[in-house]
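Worksheet: the structure to be examined is printed underneath.
Chain letters run A, B, ... following the sequence lines, proteins first, then strands; residues in each count from 1.
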2 protein chains.
Amino acid sequence: MDASSPSSSNESPWLPFESRRRARDEKREAVLRTAVALFLEQGYHGATLNEVARRLNITKPALYNYFRGKDEILYECWSIGNELVDDCIAETSAGGGSGLDKLRKLIVQYAELMTADYGKSLVRFDIRDLSEDNRKIVQTAKRRIDRAFRDYIAAGVEDGSVKPCDPKLAAFAIAGSLNWIGHWFQPGGELSGRAVAEEFAIRLTEGIAKTTTQVTSTRKTTTHKAAVPAAEKADKPPRKGNASREDGSEHHTRTAAGAASQSKRARSRLR
Amino acid sequence: MDASSPSSSNESPWLPFESRRRARDEKREAVLRTAVALFLEQGYHGATLNEVARRLNITKPALYNYFRGKDEILYECWSIGNELVDDCIAETSAGGGSGLDKLRKLIVQYAELMTADYGKSLVRFDIRDLSEDNRKIVQTAKRRIDRAFRDYIAAGVEDGSVKPCDPKLAAFAIAGSLNWIGHWFQPGGELSGRAVAEEFAIRLTEGIAKTTTQVTSTRKTTTHKAAVPAAEKADKPPRKGNASREDGSEHHTRTAAGAASQSKRARSRLR
DNA sequence: ACTATTTGTTACCCATGGGTAATATACGGG
DNA sequence: CCCGTATATTACCCATGGGTAACAAATAGT
C-alpha cells in the first residue's frame with residue numbers, strides 16, 4: 001500500500017529494522033481505529049471481528065497477531081481515550097489559574113474529546129465486556145477522572161472562584177453533560193466539536209461560577225454564535241513532541257495492565 | 001362483548017375470568033421487573049433468559065408465553081420507562097407556570113425517574129438491540145423527550161424566565177446531566193433519588209435562569225405520585241388500536257408497535 | 001540460496017444462548 | 001368426567017461468532 005519501495009536505498013541501514021516495527025505499530029493502530037469506529041457504529045456486540053478484518057482487507061485470524069482477543073481490542077480503544085483524558089488533566093493541572101479556570105479548561109478539552117471516536121469509547125463502551133483485570137483498571141481510571149473534576153470544583157470553592165456547592169454532585173452534573181456529548185454528537189453536524197466544547201465550558205460553569213459571567217441584559221450575547229471569548233490561540237497540541245516512541249517496549253502492549261497510568265506515551269496522531 | 005352469564009361464586013362472575021387475566025399481567029410484569037434488573041446488572045448481552053427465568057423459578061421457554069423474544073422484553077422494559085417519562089411531560093405541560101417553572105418540574109421528575117430501574121433502562125439500553133420497528137419507535141420517543149426540554153427552554157426564553165440561549169445545546173446539557181444519573185446512582189447511597197432530583201433542578205437551571213434562584217433547598221414541591229389521576233378501573237383499553245387482548249390469535253403482546261404513544265395506561269405500581 | 005521469523009490464509013472447532021417442538025399438568029367450564 | 005385452554009417442563013436445534021490449528025507466503029539475516 002505505502003512506503004514499500006523506498007527507504008532501503010538512501011536511508012539508514014537500521015531503518016528497515018525499525019520500519020518493520022513501525023509498520024507493525026501502524027497496523028495495530030489501524031486495527032484500533034477501525035475497531036473503535038465499528039464498535040461505535042454497531043455496538044461492541046453487534047460488531048464482529050470478521051467485519052473489522054474485512055474493513056482492513058485482511059481476515060479475522062490475522063487480527064490475532066496484534067491482539068489477544070476482542071475484549072483486548074476494546075480495552076485498547078478505551079485505553080487510548082483514557083490517555084487522552086489523562087493528558088488533559090495533566091495539562092490543566094500543570095497550568096495555573098483558579099479552580100474555576102482549571103475546571104473550564106478541563107471542560108473544554110474533555111468536551112472536545114467526546115466528539116471524537118476514542119473519546120466516545122470512554123462513555124459508550126460497557127465496562128462489563130472487559131476482562132476482570134482490565135475492568136479494574138478502567139474503574140480506577142474513571143474514579144481518577146471524576147476526582148479531577150471534584151478537585152477543581154473544591155479548589156474553586158476554596159479560592160472563591162466557585163460558589164459553595166457539593167463538589168460531588170456538581171461534578172456529576174458536569175461530567176454527565178460532557179459524557180452525553182459522546183452520545184449525540186456527530187461530526188457532520190452544524191456545530192464543530194470545538195464550538196460545542198467552548199459553549200459547554202461557559203454553560204456548565206455559569207451556574208456555579210462566582211465570578212459572574214455577568215450577562216448584561218442589554219447585550220443579548222446570543223451565546224452560540226460568536227459570543228465565546230475567542231479562545232486564545234492556546235491550541236498548543238505540539239507541546240512536548242512525540243519524542244520517545246521507540247522505547248523498546250513489548251511489541252504487543254499486552255498484559256494491558258499498568259498501561260492506564262502513564263499517559264505520556266505520546267500517541268502519535270490520533271483522531 | 002361482556003354481559004356474559006353470571007357465575008357461581010360470591011363474586012362477580014367476571015371475576016375468575018378477570019383474575020386469571022390479572023394473574024397473567026402480574027406475571028408479565030414480574031418478568032419485566034426481573035429482566036430490567038438483570039439487564040441493568042449484567043448488561044443486555046451479559047444477561048441470559050435462562051437467568052431471568054431462574055430468578056423467577058421457572059424455565060426459559062415459559063417466558064415465551066409472555067414475550068416473543070429477548071428483544072421484545074428489552075423493548076417492553078424501555079416502553080414502561082418511556083411511559084413514565086411521557087407522564088412527566090404531560091403533567092408538566094398541563095401545569096401552568098413559566099417556561100422555567102415547567103423546565104424545573106420536568107427536571108425533578110425526570111431525574112427521579114433516572115434513579116429507578118425503568119428510568120435507567122431509557123439510557124442504559126442500547127437501541128441497536130431492538131428490532132427495526134421498535135427501534136424506530138424508541139427513536140421517535142427520544143426525539144419527543146428532547147423536544148419537550150427544548151420547548152420549555154424556548155418558552156422560557158420567550159417569556160423571559162430563561163436567559164437567551166440556544167435551546168438545543170441547553171437541552172443537551174441538561175438532559176446529559178440527568179441521563180448520567182441513570183449511570184451512577186445507586187439506591188443504597190447517601191442521597192435519595194428525591195434529593196438528587198431537587199438538587200439538580202436547581203443546579204441545572206442556575207446557569208440559564210434569569211430570575212436569580214434563591215436556593216431554599218427545602219423545596220417540598222409538587223405531588224409526584226399522588227397527582228396521577230387514580231383511574232383504577234381504567235384498565236379498559238381505550239378504543240383505538242391496542243385492542244382487547246382476548247383476540248385469541250395473537251396471544252402475545254401486540255407487536256409492540258404503537259404502544260409508546262398513549263401513556264395513560266396507568267401501569268399499576270411501578271418503580 | 002537457505003533458514004528462521006513474521007504475518008497472513010483456509011479450514012475448522014465449539015461454547016453459548018436464543019428459540020422451538022413435543023409433551024405434561026393444572027384448571028375452568030359444560 | 002372429559003375437553004379445551006393456558007401454562008410450564010424437558011429435550012432439542014442451530015446460527016453465530018470468538019478463537020485455534022495447520023499451513024502458505026513474504027521478509028530479514030546469514
Side-chain angles (χ1 to χ4, degrees), chain A residues 1 3-5 7-8 12-28 30-31 35 38-39 42-54 56-75 129-131 250-252, chain B residues 4-9 11 13-28 30-31 35 38-39 42-54 56-75 129-131 245-253:
Chain A
M1 302 283 188
S4 55
S5 50
S7 74
S8 59
S12 160
W14 295 81
L15 213 138
F17 190 83
E18 193 161 83
S19 86
R20 245 183 67 195
R21 289 258 322 264
R22 150 137 8 170
R24 182 182 175 82
D25 285 353
E26 276 174 9
K27 286 176 187 169
R28 234 185 96 94
V31 172
L38 191 65
F39 290 170
Q42 310 195 338
Y44 177 68
H45 292 281
T48 70
L49 291 185
N50 274 322
E51 176 63 15
V52 172
R54 198 192 59 76
L56 292 163
N57 299 314
I58 56 175
T59 57
K60 179 178 59 173
L63 296 173
Y64 284 80
N65 282 320
Y66 305 98
F67 301 95
R68 292 191 149 154
K70 196 187 185 187
D71 64 322
E72 189 181 283
I73 295 178
L74 183 71
Y75 171 78
D129 293 322
L130 298 171
S131 71
E250 303 288 354
H251 31 263
H252 252 208
Chain B
S4 296
S5 61
S7 82
S8 53
S9 74
E11 285 272 353
W14 302 75
L15 212 139
F17 191 82
E18 193 158 82
S19 84
R20 249 183 61 195
R21 291 243 336 249
R22 149 114 39 147
R24 183 183 172 81
D25 284 354
E26 276 173 8
K27 286 175 186 170
R28 236 186 96 94
V31 172
L38 190 66
F39 290 170
Q42 309 194 339
Y44 177 68
H45 293 281
T48 69
L49 291 185
N50 274 322
E51 176 64 14
V52 172
R54 198 193 59 75
L56 292 163
N57 300 315
I58 56 176
T59 57
K60 179 178 59 172
L63 296 174
Y64 284 81
N65 281 320
Y66 304 99
F67 301 95
R68 293 197 144 139
K70 197 187 185 188
D71 64 322
E72 188 181 285
I73 295 178
L74 182 71
Y75 171 78
D129 293 321
L130 297 171
S131 70
R245 159 135 354 132
E246 53 269 24
D247 57 352
S249 58
E250 304 277 3
H251 64 288
H252 281 296
T253 67

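In this structure, T59(A) reaches the dT9(C) phosphate: one of its side-chain N or O atoms is under 4.0 Å from OP1 or OP2. Considering only side-chain N and O atoms, Y66(A) lies under 4.0 angstrom from the phosphate OP1 or OP2 of dG8(C). Side-chain N/O atoms of K27(B) include one lying less than 4.0 angstrom from OP1 or OP2 on dA8(D). OP1 or OP2 of dT7(C) has at least one side-chain nitrogen or oxygen of R24(A) nearer than 4.0 Å.
Atom CD1 in I58(B) sits about 16 Å away from atom C1' in dA26(C), given to the nearest Å. The separation between L74(A) atom CG and dG18(D) atom C1' is 14 Å, rounded to whole Å. If you measure from atom CZ of F67(A) to atom P of dT20(D), you get 15 Å, rounded to the nearest angstrom. Rounded to whole angstrom, the span from the OH atom of Y44(A) across to the P atom of dT16(D) amounts to 19 Å. In this structure, L63(B) places its CG atom 18 Å from P of dA6(D), rounding to the nearest Å. Taking atom CG of residue N50(A) and atom P of nucleotide dG18(D), one finds them 7 Å apart after rounding to whole Å. Per the geometry, CG belonging to N65(A) stands 14 Å off P belonging to dA21(D), to the nearest Å. The separation between R28(A) atom CZ and dT7(C) atom C1' is 15 Å, rounded to whole Å.
Proximity note for Y64(A) (side chain, C-beta onward) versus dA21(C), dG18(C), dG18(D): the nearest is dG18(D). Among the nucleotides dG18(D), dT7(D), dG18(C), the one closest to any side-chain atom of L49(A) is dG18(D). Taking only side-chain atoms of K70(A), from C-beta outward, the nucleotide of dT20(C), dG17(C), dG18(D) with the closest atom is dG18(D). Set against dT9(C), dG18(C), dT20(C), the side chain of T48(B) has dG18(C) as its closest nucleotide.
How far CZ of R54(B) is from CG of L38(B): 9.5 Å, rounded to the nearest 0.5 Å. How far CZ of F67(A) is from CD1 of I73(A): 5.5 Å, rounded to the nearest 0.5 Å. The distance from atom OH of Y64(B) to atom CD of E72(B), rounded to the nearest 0.5 Å, is 10.5 Å. Summarising the geometry, atom CG belonging to D25(B) is positioned 11.0 Å from atom NZ belonging to K27(B); distances are rounded to the nearest 0.5 Å.
A47(A) comes within 4.0 angstrom of the backbone, heavy atoms only, and of no base.
Looking at K60(B), its side chain has no donor and acceptor atom pair within 3.5 Å of the base of dG17(C).
K60(B) approaches A53(B) most closely through the heavy-atom pair N-CB, 3.5 Å.
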